[in-house]
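One structure is given below, encoded as C-alpha cells.
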There are 2 protein chains.
Amino acid sequence: MTGYEVKQRADRTLRFYWVAPAMSQVYSELARLADAGLVTASLVGPGGRRDRRYRISPDGLARLREWQTTSEPEFPILKHPVALRLLMGSISSPDAARAMLTDYRRTLAERRAELSAVRESLADRPEFAYPALVADWGLAYYASEDAIVAELSERLPAADGSGASDS
Amino acid sequence: MTGYEVKQRADRTLRFYWVAPAMSQVYSELARLADAGLVTASLVGPGGRRDRRYRISPDGLARLREWQTTSEPEFPILKHPVALRLLMGSISSPDAARAMLTDYRRTLAERRAELSAVRESLADRPEFAYPALVADWGLAYYASEDAIVAELSERLPAADGSGASDS
DNA sequence: TGTAGCATGTAAGCCGTTACATGATTGA
DNA sequence: TCAATCATGTAACGGCTTACATGCTACA
C-alpha cells in the first residue's frame, strides 16, 4: 500500500480502537519502518511516477506476530471529554450537564452508524473475520455507552437554581 | 491542595476517564496555571517548610466553568491494545487470541474492583453526586466490556493449525 | 481550465512519559 | 537508624497534531 492508502485504511477501521494518525505521521513512520527493514518500498506507477508502494517484509511480519502474541497488552486508555466535564458537574447547572449528554448521544449515534457500515462491508468475508469481531466489539461499546448515558441523564437532578459546591 | 495531593486525587478517580498524569506533569502544569493566574500558591507548613499549597482562583473557576459548559466536547479517544491485537488475529492462532482475551478479562475484573471501591466511598455523599454518576458510568463500561469479550471469545474459531491470511 | 482527489513530505509544538535529582517527616 | 511516604522539581524524549509546502492525475 502507499502511505495514502494506509491513511485511508486507518480512517476506516483503526480510528475506532486507536487514533486516526495524521498523514504526516503515516509517512514518517513508514520511512522509519523501511529504515529498520520491517517494510520494503518500491517506486511504482506507469510513466515513472514517484509513488512509493510499501509491503511488509518477512522480518516485519515476524516482529508483528511476536508483538501480537508475546507482549503483554497494556490496559486500554480512555480519554473521555464528556465524562471529564460531568465529573465537575457541580460547578454548573444540571441542565447544562443534561444538554451535554443529549449532544453526546447524538454524535454517538453518528459514530455508531459509521461503524455499522464498516461492519456490513465485512460480513460474509472469512478473510475479515477478525476485523468483523472487533467491529462488533466497537458496536457493543457504543450500544452500552448510549444506554448508560440515557440512564445518567435521568438521574441528573431536576432543574432548579444553579451549581452547588464541590471539593 | 499540594501537587502531591493533586496527583493522588488523579490516581484515584481521573485515571478511569483520562490519564493518570506523572508527578512531573502535575508540578509543571500547576506552575503554568499559577503563571496564568488561574490558581494561587501559598507556601505552608509548620516550621516554614517549602510545601506549595494551591487553590483555584476566581478567574480559574470562571475559566473552568466556561470550558465545561461552552466548549464542545471532543469525541472520546480510545486506545485499546487488546482490540488492536485482535484486529490482526489472523496472523497468529485463535488460541493465542483466546488466551489474550481471557487475560484481559482478568485485569478488567481488577480494575472494576478498584473503581467499585471508589464508588462505594462516594455513596450517600451529596457533594460527590457527580463523581458518583461518573463512577457508575465507568462501572457500566467495565461490565459491558466483560460481557462482549466473553462473547467474542466464544465466537473465536475452535483450535486447529495456525494462522490464516489477512489483507 | 479548474478543482477534487491522489500522493509525499518538513517543521514546530503539545501533551505526556521516563529517568534523574533532591530533601524533609514519620514511624517501626 | 533506616525505610516509606510526603514533597518538589529538571531534562530528554516519544507519539501525535497542526501548519506549511509541493506536485501529479482525472474528470466535469
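Ion pair A:R53/A:E5 flagged as a salt bridge, since at least one NZ, NE, NH1 or NH2 atom sits closer than 4.0 Å to an Asp/Glu carboxylate oxygen.
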### B/S/- contact track for nucleotides 11-17 of chain C, protein heavy atom under 4.0 Å
----SSB

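Residues satisfying the salt bridge (Lys or Arg N to Asp or Glu O under 4.0 Å) criterion with B:E114, sequence neighbours excluded, are B:R15. Remark: A:R63 pairs with no residue by the salt bridge (Lys or Arg N to Asp or Glu O under 4.0 Å) rule, at least two apart or across chains. For A:T102, the side chain to side chain contact (heavy atoms under 4.5 Å, CB included) partners at least two apart in sequence or on another chain are A:R106. Residues forming a salt bridge (Lys or Arg N to Asp or Glu O under 4.0 Å) with A:R12 (at least two apart in sequence, or on another chain): none. Listed by chain and number, the residues in a salt bridge (Lys or Arg N to Asp or Glu O under 4.0 Å) with A:D59 amount to none (sequence neighbours excluded).
Rounded to an integer number of Å, the gap from B:D51 CG to D:dG9 C1' is 13 Å. For the pair A:L30 CG and C:dA7 P, the interatomic distance rounds to 13 Å; values are reported in whole Å. For the pair A:D11 CG and C:dA7 C1', the computed distance is 15 Å after rounding to whole Å. Look at CD on A:E5: it is 9 Å from C1' on C:dC6, rounded to the nearest Å. The distance from atom CD1 of A:I77 to atom C1' of D:dC16 is 13 Å, rounded to the nearest whole Å. For A:M23 and D:dA19, the CE to C1' distance is 15 Å, given to the nearest whole Å. Here D:dC16 presents its C1' atom at 14 Å from CD of B:E74, a figure rounded to the nearest Å.
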Let me check something: any side-chain donor-acceptor pairs from residues 28-37 of chain B under 3.5 Å, sequence neighbours excluded? List them with distances.
unit_1	atom_1	unit_2	atom_2	d
B:S28	OG	B:S24	O	3.0
B:S28	OG	B:Q25	O	3.2
B:E29	OE2	B:R32	NH1	2.9

Side-chain atoms of residues 135-144 of chain B: list all donor-acceptor pairs with protein atoms under 3.5 Å, sequence neighbours left out, distances to 0.1 Å.
unit_1	atom_1	unit_2	atom_2	d
B:D136	OD1	B:R119	NE	2.8
B:D136	OD2	A:R155	NH1	3.1
B:D136	OD2	A:R155	NH2	2.8
B:D136	OD2	B:R119	NE	3.3
B:D136	OD2	B:R119	NH2	3.4
B:W137	NE1	A:E145	OE1	3.1
B:W137	NE1	A:E145	OE2	3.4
B:Y142	OH	B:R111	NH1	3.3
B:S144	OG	A:S144	OG	3.1
B:S144	OG	B:Y141	O	3.2

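An OP1 or OP2 oxygen of D:dG9 is reached within less than 4.0 angstrom by a side-chain nitrogen or oxygen of B:R52. Here B:Y27 does not reach the OP1 or OP2 of D:dG9: none of its side-chain N or O atoms lies under 4.0 Å away.
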Hey, what are the protein-to-nucleotides 3-5 of chain D N/O distances that come in under 3.5 Å?
none

### Message
Between B:R9 and B:L14, does the side chain to side chain contact (heavy atoms under 4.5 Å, CB included) criterion hold? Intermediate values first, please.
### Response
CA-CA 7 Å; B:R9 177 74 69 96; B:L14 187 66; over 6 Å; no

